[in-house]
There are 2 protein chains.
Amino acid sequence: MKRDVFQAIADPTRREILNFIAFEPQNVNTVAAQFDVSRTAIYKHMKILIECGLVDVRQKGRERYCAAKLEQLSEVAEWIEQYRQFWTSRLDALENYLNDVQKNNNSKKKK
Amino acid sequence: MKRDVFQAIADPTRREILNFIAFEPQNVNTVAAQFDVSRTAIYKHMKILIECGLVDVRQKGRERYCAAKLEQLSEVAEWIEQYRQFWTSRLDALENYLNDVQKNNNSKKKK
DNA sequence: TAAGTTTGAAACCAAAAGGTTTCATGTATG
DNA sequence: CATACATGAAACCTTTTGGTTTCAAACTTA
């Protein structure tokens with residue numbers, strides 16, 4: 001099953017897991033120790049993160065190091081960016097307006 | 001109940017709803033007509049979007065116009081931005097690597 | 001080799017999510 | 001006023017989610 005990044009980061013525990021392994025890969029037990037819930041519960045969250053590509057696993061002996069692949073977040077970032085013009089500052093709104101005006105002027109000049 | 005923006009945008013139908021009303025507010029029926037599911041189902045999605053502040057409602061006669069308040073997405077955007085350094089250009093990766101090397105050298109020197 | 005450690009997976013459970021049909025209410029309008 | 005329309009809400013159902021306990025397997029190490 002191909003998991004969805006949007007859905008993966010919807011859960012606060014999974015966001016905390018990502019944050020915990022963002023700087024340095026950690027094995028499952030180390031991650032689980034950070035949380036109140038059972039290791040198995042964390043493992044399940046991990047599985048979801050792995051399925052959507054947000055986490056990568058590297059076997060090392062009997063341990064498995066989980067590394068965050070945060071570039072997968074760009075899918076969400078890009079989805080949001082397309083709407084950024086709707087909420088940035090009024091200055092930006094002005095800037096956009098001026099850009100538009102300029103664009104229109106250029107088009108007119110070409111004609 | 002204070003809803004969570006992360007959770008609200010996890011559902012693909014809700015993302016489509018946001019996109020549909022992003023440029024121009026629409027009443028519930030008009031939105032519902034865009035989707036296969038029932039009006040009531042769309043209304044429930046709408047309610048979730050309203051509860052987390054992603055949608056604003058303005059009564060007008062017997063109709064209720066729903067407008068997207070996309071600036072609420074900034075919460076998610078900011079959460080992602082803090083990790084952007086981890087996946088931007090390879091140049092950044094090289095920079096991080098060099099920083100690490102330097103750090104390790106310093107540690108060794110201390111010993 | 002035997003005991004301890006790290007992990008994966010199965011069976012099970014309660015609550016939440018997403019959907020439906022149905023009904024009530026307020027608003028327009030012929 | 002009577003009918004049609006737009007919406008909110010309740011009751012109900014099925015699937016998914018997030019959690020648990022338990023057990024098996026693979027790897028370490030005394």
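Order of the sequence lines fixes the chain letters, A, B, ..., with proteins taken first and strands second; residue numbering starts at 1 for each chain. Note that these values count all heavy atoms, side chains included, but never hydrogens, waters or copies made by symmetry.
The shortest distance between the side-chain N/O atoms of B/Ser38 and the OP1/OP2 oxygens of C/dG19 is not below 4.0 Å.
Between A/Lys60 and A/Glu63 there is no salt bridge, since no side-chain N of the basic residue sits under 4.0 Å from a carboxylate O of the acidic one.
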Extract from the structure each pairing of a protein N or O with an N or O of nucleotides 24-27 of chain D at less than 3.5 Å, listing the distance.
| unit_1 | atom_1 | unit_2 | atom_2 | d |
| --- | --- | --- | --- | --- |
| D/dC27 | O3' | A/Arg62 | N | 3.2 |

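Applying a 4.0 Å cut-off to non-hydrogen atoms, the residues of residues 21-30 of chain A that approach DNA chain C are A/Asn27, A/Val28, A/Asn29, listed by residue number.
Here D/dT20 is the nucleotide among C/dA17, D/dT20, C/dG19 with the atom lying nearest to any side-chain atom of A/Ala41. In the set C/dG18, D/dG18, D/dT22, C/dG18 carries the atom at the smallest distance from any side-chain atom of B/Lys44. Counting only heavy atoms from C-beta on, A/His45 has its side chain closest to D/dG18 among C/dG18, D/dG18, C/dT20.
A distance-only check finds no donor-acceptor pair linking the side chain of A/Glu24 to the backbone of A/Gln26 [under 3.5 Å]. Remark: the backbone N or O of A/Ile80 is not paired with any side-chain donor or acceptor of A/Glu78 at under 3.5 angstrom.
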Name every donor-acceptor pair, under 3.5 Å, that has one atom in a side chain of residues 28-44 of chain A and the other anywhere in the protein, sequence neighbours excluded.
| unit_1 | atom_1 | unit_2 | atom_2 | d |
| --- | --- | --- | --- | --- |
| A/Thr30 | OG1 | A/Asn27 | OD1 | 2.7 |
| A/Ser38 | OG | A/Ala41 | N | 3.1 |

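Using a 4.5 Å heavy-atom threshold, the side chains of A/Gln72 and A/Leu54 count as touching. Using a 4.5 Å heavy-atom cutoff, the side chains of B/Phe6 and A/Arg15 are in contact.
Following rounding to the nearest Å, B/Asp11 (CG) and D/dT16 (P) show an atom-to-atom distance of 13 Å. When the P atom of C/dA9 is taken as reference, atom CD1 of A/Ile48 falls 14 Å away, rounded to whole Å. Put simply, CD1 on B/Ile9 is 18 Å from C1' on C/dG18, counting in whole angstrom units. As rounded to whole Å, 13 Å separates atom C1' of C/dA17 from atom NZ of B/Lys47. For A/Ile42 and D/dT21, the CD1 to P distance is 14 Å, given to the nearest whole Å. As rounded to whole Å, 10 Å separates atom P of C/dA9 from atom CD1 of A/Ile50.
Pairing each heavy atom of B/Ala77 with each of A/Arg84, the nearest pair is CB-NH2, 3.7 Å.
Of the two residues contacting DNA chain C, namely A/Tyr43 and B/Asp36, the nearest-nucleotide position lying further toward the 5' end is that of A/Tyr43.
Classification of the A/Trp79-A/Tyr83 ring pair by plane angle, with boundaries at 30° and 60°, yields perpendicular.
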